[in-house]
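What follows is one structure encoded as structure tokens, with my remarks underneath.
Below, chain A is the first sequence line, B the second, and so on; all start at residue 1.
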There are 2 protein chains.
Amino acid sequence: MLATEFKEAITAADRVLVQIRTAIVEGEIPAGTKISEPELARRYDLSRAPLREALARLERCHLIERTPNAGARVVKLSIEGLRSLYQLREELEGLACRLAAEHMTEQEIAEVRALLDQHLSTQRVHEGESYYQEAGDVDFHYRVILGSKNPYLINILSDELYFLVRMYRVQLGMNGPRVSRAFDEHKAIINAIANRDGELADLLMRRHIAASKRNIEQQLLQQGTSHG
Amino acid sequence: MLATEFKEAITAADRVLVQIRTAIVEGEIPAGTKISEPELARRYDLSRAPLREALARLERCHLIERTPNAGARVVKLSIEGLRSLYQLREELEGLACRLAAEHMTEQEIAEVRALLDQHLSTQRVHEGESYYQEAGDVDFHYRVILGSKNPYLINILSDELYFLVRMYRVQLGMNGPRVSRAFDEHKAIINAIANRDGELADLLMRRHIAASKRNIEQQLLQQGTSHG
DNA sequence: TTTCTAATTATTGTCGACAATCTGATGCTT
DNA sequence: AAGCATCAGATTGTCGACAATAATTAGAAA
């Protein structure tokens, strides 16, 4: 389901899912938009059957909300939604850290460290460009989540919750000093995992996520007050 | 999605979803069975379109596993699966308790207490009958989950994870002294919530779930050794 | 006999059309 | 004029058939 995941047989529903999902996450289809099945079918040049399959999966990631016989709408971003989402994310990624400290192999840890160094150099080159930070952060968290080795946890975080997380981050932006700080926080977390100190990794991850939440929350508040 | 939930428009896909889901949870369709779309369509007397909608939702609750172009199988119960599932359940229901202690109204708490008393008397009448215990337990946990007031948490627990939990419980059984002890544990949890002691409610819930896990684990081990 | 190949069969994925339901506008009643 | 009922339009839900892919079996070669 994720970009890095290998899929044996790619079906039309899979393709259109990725396209629509990206369009929603990146705001190309704005939040709150009414989804019209015939319109999307024309737009992506396929029948309604695979489209509906894709919509079902989008509902699963909370990117759209469907009501029977009435249609679907793209989810709206809100402060309450952000808080509920990040409340859960703190808890689940905290758990992922404790499990990762227990289950990750030395090689997996080394790979994450190499990844961080690579991201750091990439970040230096593309100073201030948020896309790389976004992709790098997602990748780091994804590795730790996989390291938990708990299939249900992996599924919930990376297949269900993370696209919504990305939607908040992409549309409300990583900005300011957080971009550079995140690297240090990532380093500290992987160090704790390498030391098999699950408690510490848990704590650091919760703080890392809480800081990210405050950042987005502030953006939402500013946007809300300036418009309303 | 749950039985107690009110749904404005009931569609054919909804109906067949409930039917198949119940059949899987209760073991009428055995674990590991290959799902044949044409066969199920004949059996439940509808076309494949709403059936596939139902299958997509069953995949979401981890009751079936699909591989593209190859079909779907009913999930197999295993010790590793049970541990992964309950690991997550402990964490999420622990969180639900902390949030419930914060957000549940006095009236909601009173309703849960009334529910427990009602279940106790029902239990006395139907001594040893596991169905009522099953339903009562699910109902109690469901109330606490709702009390968290976190829509994502509610969705994950009650719409995605709980049918699989019920599948383990129904097929591997609540038995022995746990049936009567569970009531006391429920009482203690709701008392902690009533006292707004989220930490304690969290701890008690984790123990309650861990005890339930040990119970099922033992059944799985016995079954595994006797058959293999 | 075993193994690889190839055709057959069955299953899943996709399509276009029809039926049921909801939304919005129009006209009537009070 | 306000509110409600009714009707037209559009949208979702469902159906049966076709196309594409995978599983299976038969057959030939080693």
Side-chain angles (χ1 to χ4, degrees), chain A residues 1-2 5-21 23-24 29-76 159, chain B residues 1-2 5-21 23-24 29-76 159:
Chain A
M1 197 83 62
L2 227 108
E5 187 176 317
F6 183 68
K7 200 87 169 229
E8 298 167 20
I10 304 284
T11 174
D14 290 325
R15 274 192 296 274
V16 74
L17 167 66
V18 173
Q19 290 187 67
I20 300 180
R21 189 208 284 151
I24 291 178
I29 303 177
T33 307
K34 172 86 160 52
I35 296 277
S36 163
E37 291 184 6
E39 184 194 328
L40 281 187
R42 281 194 303 274
R43 185 164 163 185
Y44 293 102
D45 193 40
L46 38 66
S47 121
R48 278 176 55 218
L51 181 71
R52 284 172 65 86
E53 173 91 24
L55 291 183
R57 296 196 208 164
L58 286 175
E59 185 185 23
R60 178 176 169 179
C61 344
H62 308 277
L63 291 182
I64 67 173
E65 291 166 350
R66 303 173 92 181
T67 52
N69 290 315
R73 303 193 83 87
V74 176
V75 74
K76 281 183 190 166
D159 292 343
Chain B
M1 197 82 65
L2 226 108
E5 188 176 317
F6 182 70
K7 199 89 169 226
E8 297 169 20
I10 304 283
T11 175
D14 290 325
R15 274 192 296 273
V16 73
L17 167 66
V18 173
Q19 290 187 68
I20 300 180
R21 190 208 283 150
I24 292 178
I29 303 177
T33 307
K34 173 86 160 52
I35 296 277
S36 164
E37 291 184 6
E39 184 194 327
L40 281 187
R42 282 194 304 273
R43 184 164 162 185
Y44 292 102
D45 193 41
L46 39 65
S47 120
R48 278 176 54 219
L51 181 71
R52 283 170 66 85
E53 174 91 23
L55 291 183
R57 297 197 208 164
L58 285 175
E59 185 183 23
R60 180 177 169 179
C61 348
H62 308 277
L63 291 182
I64 68 173
E65 290 166 350
R66 303 174 93 180
T67 53
N69 289 315
R73 303 192 81 88
V74 176
V75 73
K76 280 184 191 166
D159 291 344

Between [atom2] on [N] and [atom1] on [X], what's the gap in Å once rounded to a whole number?
X: B:R73; N: C:dT11; atom1: CZ; atom2: P; result: 13 Å
X: B:E39; N: C:dT12; atom1: CD; atom2: C1'; result: 15 Å
X: B:I10; N: C:dT21; atom1: CD1; atom2: C1'; result: 14 Å

>> Please enumerate all residues that pass side chain to side chain donor-acceptor pair (under 3.5 Å) together with B:E37, with sequence neighbours excluded.
In response: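 With neighbours one apart ignored, the set is B:R48, B:R52.
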>> Among residues at least two apart in sequence or on other chains, which ones pass side chain to side chain donor-acceptor pair (under 3.5 Å) with B:Q19?
In response: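 None.
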> Reckon B:I35 touches a base, only the sugar-phosphate, or nothing at all at heavy-atom distances under 4.0 Å?
Replying inline: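 Answer is sugar-phosphate: B:I35 comes under 4.0 Å of backbone atoms only.
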> When we call it a touch if two heavy atoms are under 4.0 Å apart, what does A:L51 touch: a base, just sugar-phosphate, or nothing?
Replying inline: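 Contact class for A:L51: none.
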With sequence neighbours left out, what residues match [X] under side chain to side chain contact (heavy atoms under 4.5 Å, CB included)?
X: A:V74; answer: A:I24, A:I29, A:T33, A:I35, A:M167
X: B:E59; answer: B:I64, B:R66
X: A:S36; answer: A:P38, A:E39

>> Closer than 4.0 angstrom, basic N to acidic O: yes or no for A:R60 and B:D159?
In response: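 The answer is no: the pair does not qualify as a salt bridge.
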Which protein N or O atoms sit under 3.5 Å from an N or O of nucleotides 13-17 of chain C?
unit_1	atom_1	unit_2	atom_2	d
C:dG13	OP1	B:N69	N	3.3
C:dG13	OP2	B:R52	NH1	2.5
C:dG13	OP2	B:R52	NH2	2.9
C:dG13	O3'	A:T11	OG1	2.8
C:dG13	N7	B:R48	NH2	2.8
C:dG13	O6	B:R48	NH1	3.1
C:dT14	OP1	A:T11	OG1	2.5
C:dT14	OP1	A:A12	N	2.5
C:dT14	OP2	A:T11	OG1	3.2
C:dC15	OP2	A:S47	N	2.8

